[in-house]
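For reference, the structure is listed below as structure tokens.
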Amino acid sequence: MIDEVKFEDSLLSVSNTKQMKAITKSRSIAIIAAEDIKLSSFNRVLQNGDLMATLLKGRGPYTVFAPEDEAFETINYTEFDENESAGFSKLFILNRALPYEKLKAEILENRHQLLVENMEGSRLKFIEKDGDVYIKSASGELLKLAKPTKASNGFLYKINRIVGRN
């Protein structure tokens, strides 16, 4: 078995590849979210609500639905106090790992909609429409989910746009 293969004029090696895989596997939801510039407002809310350090770096499993800045540009996160930030964040966090294929299968099994309890104690309503998965808000808006990023402690879904009402 080859432990290390080095190429001239290249820093690539088998051992470096193994190290990169280990680093990727150890990235928490908090780290992945913090590195994403499109989630800067959501990251501020997590930090203000003290969830970035305490919750998302934990072992999990968690599933987080993070609104991208453009999708929620009408919400002024800077005015949220600590309790509002924590409450808002918990709306988008589940205490379980929910991979995309499992989420979609559960929605289809339940006649194209699914209710799942979030950390705040209320329920998120998921629907499937034209092959895509959405969170349906209380006002009827559809929040389109991108496929998730796998983290060491769960999954991070980005809400990349509000589609309209259903």
Side-chain angles (χ1 to χ4, degrees), residues 23-58 60-108 112-166:
I23 290 168
T24 301
K25 285 182 182 178
S26 68
R27 292 177 62 217
S28 69
I29 292 170
I31 291 169
I32 294 168
E35 292 173 349
D36 192 324
I37 193 160
K38 291 181 179 181
L39 299 177
S40 62
S41 294
F42 189 70
N43 284 316
R44 269 196 306 281
V45 171
L46 289 176
Q47 289 169 355
N48 290 346
D50 200 30
L51 291 173
M52 185 68 85
T54 57
L55 175 67
L56 297 180
K57 288 182 182 175
Y62 305 112
T63 300
V64 176
F65 303 95
E68 289 185 347
D69 295 344
E70 287 183 28
F72 281 67
E73 61 190 10
T74 59
I75 298 173
N76 188 357
Y77 300 106
T78 58
E79 294 180 4
F80 283 13
D81 64 24
E82 184 176 334
N83 290 333
E84 290 170 321
S85 292
F88 181 80
S89 301
K90 288 178 182 178
L91 290 172
F92 295 98
I93 300 172
L94 307 179
N95 276 323
R96 69 181 227 195
L98 195 55
Y100 185 78
E101 294 308 320
K102 183 175 181 179
L103 173 61
K104 198 169 182 178
E106 287 185 25
I107 292 168
L108 294 174
H112 297 272
Q113 64 180 6
L114 177 69
L115 295 174
V116 179
E117 188 171 314
N118 59 23
M119 287 190 76
E120 196 245 349
S122 59
R123 294 188 176 188
L124 292 175
K125 183 175 188 175
F126 296 91
I127 67 165
E128 182 273 339
K129 182 179 176 184
D130 300 325
D132 292 319
V133 176
Y134 300 86
I135 295 175
K136 186 173 183 179
S137 73
S139 61
E141 293 175 322
L142 297 180
L143 314 175
K144 187 175 182 191
L145 298 180
K147 288 193 177 178
T149 301
K150 174 87 173 92
S152 61
N153 58 349
F155 294 91
L156 174 66
Y157 288 80
K158 289 198 273 185
I159 300 170
N160 50 22
R161 61 187 170 118
I162 299 174
V163 176
R165 297 184 187 274
N166 184 20

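- For the residue pair Leu103 and Val133, the shortest heavy atom distance occurs at CD2-CG1, 3.8 Å.
- The structure places CZ of Arg123 at 10.0 Å from CG of Leu114, a figure rounded to the nearest 0.5 Å.
- When the options Leu143, Leu115, Ile93, Asn118 are evaluated for a side chain to side chain contact (heavy atoms under 4.5 Å, CB included) with Leu124, the one that passes is Asn118.
- Here Phe42 contributes atom CZ and Glu68 contributes atom CD; the two are 12.0 Å apart, rounded to the nearest 0.5 Å.
- Judged by distance alone, with hydrogens and angles left aside, the side-chain atoms of Lys104 form a donor-acceptor pair with the main-chain N or O of Gly131 at under 3.5 Å.
- Only one option out of Lys147, Lys102, Arg96, Lys150 pairs with Phe155 in a side chain to side chain contact (heavy atoms under 4.5 Å, CB included); it is Lys150.
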Test log, rule side chain to side chain contact (heavy atoms under 4.5 Å, CB included), inputs Leu145 and Tyr134: CA-CA 6 Å; Leu145 298 180; Tyr134 300 86; over 6 Å; no
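- For Phe126 and Tyr157, the ring centers are positioned 6.0 Å apart or more.
- Side-chain atoms of Asn153 come within 3.5 Å of backbone N or O of Ile29 as a donor-acceptor pair.
- The closest donor-acceptor contact from the side chain of Ser152 to the backbone of Arg27 lies under 3.5 Å.
- Atom NZ of Lys38 has 12 or fewer heavy atoms from other residues, nucleotides or ligands within 6.0 Å.
- No hydrogens or angles considered: a donor-acceptor pair under 3.5 Å links the side chains of Asp69 and Ser41.
- With Asn43 contributing its side chain and Ala33 its backbone, the two residues share a donor-acceptor pair below 3.5 Å.
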Audit row: His112, Leu108, side chain to side chain contact (heavy atoms under 4.5 Å, CB included) steps and yes/no: CA-CA 5 Å; His112 297 272; Leu108 294 174; 3.3 Å; yes
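- Between Ser28 and Ala151, the shortest heavy-atom distance links the atoms C-CB, 3.8 Å.
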Residues Phe65, Leu94; criterion side chain to side chain contact (heavy atoms under 4.5 Å, CB included); working and verdict: CA-CA 9 Å; Phe65 303 95; Leu94 307 179; 3.7 Å; yes
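- In this structure, CG in Asp36 is found 3.5 Å from NZ in Lys158, a value given to the nearest 0.5 Å.
- Residues Leu39 and Ile32 are not in side-chain contact: their nearest non-hydrogen atoms beyond the backbone lie 4.5 Å or more apart.
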